[in-house]
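Contents: one structure, followed by commentary.
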Amino acid sequence: IVTYNAMVTGYAQRGFMDEALTLIKNMHQGGIKPDVITWTAALSGFARLGKQKEALRLFQEMEQSGVKSNSASWNAIIVGLTQHGHTMLAYDMFQEMQMAGTKPNVASWTALISGFAQQGHVATGQELLKQMKMSGMVPDVATWTALLAGHAREGCLEESLELFLQMQREGVRPDVIAWTALIGGYAKKGYHKDASSFLMEMKQRGVAPNVGTWNALIVGHASHGSVAEAMQLFTEMQQEGLKPNQYTWNAMILVLSHHGQFEEACIVFNIMQREGIKPDVVSWNTLIAGYCHRGRDKEAFEHFEQMKYEGLSPD
RNA sequence: CUACGGACUUA
């Protein structure tokens, strides 16, 4: 069962759902009964792909086979809904989960709060946090960060900072992700000085910045700031021993495009490939949108064609 | 037991 679960999880996480389902069938034939982990791994795969019908079907199949769902199974469904914009349906599921006798855990609350926060409904998220506390649950660093990030994305820096402080008053230590959410808010508004003081502070407090943290700093230089400073950060992160990832390269393309440096942006396409990272739809969209903003429709179209030629489908 | 939640890129 352990081996099977590992394999089902592997396939499901990669979106190979046919393979995952075949494995479950094999388990049955081999006389091994899939457990709640097997089922949850599989239905979570469907949920992430936005195939809610199939996810729910597996959920029912699980219960019919006599395996009781737990909060993780419900959470997988809820996350699938929130990540595809169905926040209200996720909320309904959350209620249904309780009616079915499963108590939401911290992850359930966090998933729901994050869903609303990502849709720009931060106030609802705040309200849910209050309810969560009233129900006796204790928010952890992920819960706080979901809300904090919501405020940061809205550009409400005071609110995001206040949550950052509040979580600490309530005994929760910010981790690298919480710091990154905070820093990202400041960076995006062009408050680069504040962003880098926070970077220093997090280091002093023993939290090591990761690639995501640097990405947040770099991308701030798209709307406000300069290519030179972005390049400087890009170099610095590598001196710290961190390797640029897809987000980093795309951020660099964005910064260059925003500043009209399209030739350089195209060079970045080549370099990233040489470094083993393929430009994705986001990379191309960024470049094409950059051309469009400057009225360079011809080049936008040429790159649109080239993207298709490279085997990527426009979204 | 590689089951479920939070940050950073385009639109």
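Lettering of chains follows the sequences in order, A, B, ..., and the numbering in each one begins at 1.
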message = For a salt bridge (charged side-chain N to carboxylate O under 4.0 Å, His left out) check, start with the C-alpha distance between A:Arg57 and A:Glu54, then their side-chain angles and the critical distance, and finish with the verdict.
response = CA-CA 5 Å; A:Arg57 213 197 66 230; A:Glu54 286 85 346; 5.7 Å; no
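- Residues from residues 179-208 of chain A that place a heavy atom under 4.0 Å from any atom of RNA chain B, listed by number: A:Thr180, A:Ala181, A:Lys188.
- Hydrophobic cluster of A:Val219: the remaining members, joined at side-chain heavy-atom separations below 4.5 Å, are A:Leu254, listed by chain and number.
- Contact annotation for A:Ser114: backbone-only contact, meaning every heavy-atom pair under 4.0 Å involves sugar-phosphate atoms and none involves a base.
- Pairing each heavy atom of A:Ser69 with each of A:Val36, the nearest pair is CA-CG2, 4.5 Å.
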request  = Starting from the C-alpha separation in whole Å, work towards a yes-or-no answer on side chain to side chain contact (heavy atoms under 4.5 Å, CB included) for A:His121 and A:Leu128.
outcome  = CA-CA 11 Å; A:His121 300 138; A:Leu128 286 167; over 6 Å; no
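- Atoms CE and CG, on A:Met202 and A:Leu182 in that order, are 10.0 Å from each other to the nearest 0.5 Å.
- Although no hydrogens or angles enter the test, the distance criterion places a donor-acceptor pair under 3.5 Å between the side chain of A:Gln168 and the main chain of A:Phe164.
- Pairs passing the ring-ring contact (aromatic ring centres under 6.0 Å, His included) check and including a residue from residues 43-63 of chain A, sequence neighbours excluded, read A:Phe59-A:Trp74.
- At a non-hydrogen distance threshold of 4.0 Å, A:Thr145, A:Ala146, A:Ala149, A:Arg153 from residues 144-172 of chain A come into contact with RNA chain B.
- The stretch residues 256-269 of chain A has no heavy atom under 4.0 Å from RNA chain B, so no residue of it qualifies as close.
- Annotation: proximity of residues 211-240 of chain A to RNA chain B (heavy atom, distance under 4.0 Å) is found for A:Gly212, A:Asn215, A:Ala216, A:Val219, numbered in ascending order.
- Across all strands, A:Asn245 comes closer than 4.0 Å to no nucleic acid atom at all (heavy-atom distances).
- Note on A:Ala107: a base of the nucleic acid sits closer than 4.0 angstrom, heavy atoms only.
- Under the 30°/60° scheme for interplanar angles, the aromatic rings of A:Phe94 and A:Trp109 are found to stand perpendicular.
- Nearest approach of A:Val79 to A:Ala111, heavy atoms of both residues: CG2-CB, 3.8 Å.
- Within the structure, the salt bridge (Lys or Arg N to Asp or Glu O under 4.0 Å) test picks out no pair touching residues 267-280 of chain A (sequence neighbours left out).
- If you check residues 284-315 of chain A against RNA chain B, the residues with a heavy atom closer than 4.0 Å are A:Asn285, A:Thr286, listed by number.
- Taken to the nearest 0.5 Å, the OH atom of A:Tyr191 stands 6.5 Å off from the CG atom of A:Leu157.
- Among residues at least two apart or in separate chains, there is no ring-ring contact (aromatic ring centres under 6.0 Å, His included) pair with a member in residues 135-159 of chain A.
- Looking only at atom types and distance, the side chain of A:Tyr309 has no donor-acceptor partner in the side chain of A:Glu305 under 3.5 Å away.
- Residue pairs meeting the salt bridge (Lys or Arg N to Asp or Glu O under 4.0 Å) criterion with at least one member in residues 160-180 of chain A, sequence neighbours excluded: A:Lys133-A:Glu170, A:Glu162-A:Arg169.
- In this structure, a donor-acceptor pair under 3.5 Å is absent between the side chains of A:Gln306 and A:Glu302.
- The nucleotide range of RNA chain B contacted by chain A, defined by atoms under 4.0 angstrom from heavy atoms of the protein and reported 5' to 3', is B:C1 to B:U10.
- Across all strands, A:Asp280 comes closer than 4.0 Å to no nucleic acid atom at all (heavy-atom distances).
- Using modelled atom types, one side-chain atom of A:Asn70 and one backbone atom of A:Ser73 make a donor-acceptor pair closer than 3.5 Å.
- Sequence neighbours left out, the pairs with a member in residues 235-262 of chain A that pass ring-ring contact (aromatic ring centres under 6.0 Å, His included) are A:Phe234-A:Trp249, A:Phe262-A:Tyr291.
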query = Between A:Glu264 and A:Met231, is a side chain to side chain contact (heavy atoms under 4.5 Å, CB included) present by the stated rule, with each step listed?
reply = CA-CA 12 Å; A:Glu264 291 82 351; A:Met231 294 282 295; over 6 Å; no
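- Residue-level contact check: A:Val106 touches the bases, meaning some heavy atom is under 4.0 Å from a base atom.
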